[in-house]
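In what follows, a single structure is set out as structure tokens and then discussed.
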Amino acid sequence: MKNAPAKAEQVFTYGNIRLSVISRRILRVEKSENGVFCDKATQMVVCRDFEEVRVKAVKKHNFVFLYTDKTAFRVNLSTLVAEAAVGKL
């Protein structure tokens, strides 16, 4: 199966953590011990380039905040706990 990565402007990498905004409401969180990430299709999401999404990323201390026009995501880079809310967190 061919690679199906998210659009480059919707992907944010912080060391060995990669955050991909797949849609205005879907966030993929990955951790790679060696810094190499998988872009192949998965059983849940075959193709990760759904739609073009405007996203703003802000890193504050150990958190990354990702804002789309529908959802605000907050990801703890230490625990990989991700939270989402309609609007702003």
Q) With no hydrogens and no angle check, is any side-chain donor or acceptor of Glu83 less than 3.5 Å from a backbone partner on Arg74? A) no
Would you tabulate the side-chain donor-acceptor contacts of residues 58-66 under 3.5 Å, counting partners in other chains and residues two or more places apart, or write 'none'?
unit_1	atom_1	unit_2	atom_2	d
Lys59	NZ	His61	O	2.8
Asn62	ND2	Asn76	OD1	3.3
Asn62	ND2	Ser78	OG	2.2

Q: Examine distances only and state if a side-chain atom of Thr68 and a backbone atom of Val55 form a donor-acceptor pair shorter than 3.5 Å.
A: no
**Q.** Arg18 versus Thr13, closest heavy-atom pair with distance
**A.** CG-OG1, 3.9 Å
**Q.** Test item: Ser23 side-chain N/O and Arg25 main-chain N/O as donor-acceptor pair under 3.5 Å
**A.** yes
Q.
I'd like to know if Asp69 pairs up with Arg24 as an ion pair, taking the criterion as any Lys NZ or Arg NE/NH1/NH2 lying under 4.0 Å from an Asp or Glu carboxylate oxygen.
A. yes
(Q) Using 0.5 Å steps for rounding, measure from the CG atom of Leu27 to the CD atom of Gln10. (A) 11.0 Å
**Q.** Sequence-distant partners of Asn34, side chain to side chain contact (heavy atoms under 4.5 Å, CB included), two or more places apart
**A.** Ser32, Val36
Q. Does Ile17 reach the side chain of Glu30, with side-chain heavy atoms less than 4.5 Å apart?
A. no
Q: Indicate if Phe37 and Val11 have the same hydrophobic cluster label, given that clusters are the connected sets of ILVMFWY residues with side-chain heavy-atom separations under 4.5 angstrom.
A: no
**Q.** Nearest-0.5 Å distance, CG of residue Leu19 to OH of residue Tyr14
**A.** 6.5 Å
Q: Determine whether Leu80 and Val21 fall in the same hydrophobic cluster, where Ile, Leu, Val, Met, Phe, Trp and Tyr are linked whenever their side-chain heavy atoms lie under 4.5 Å apart.
A: yes
**Q.** Nearest heavy atoms of Ala84 and Thr71, plus distance in Å
**A.** CB-CG2, 3.9 Å
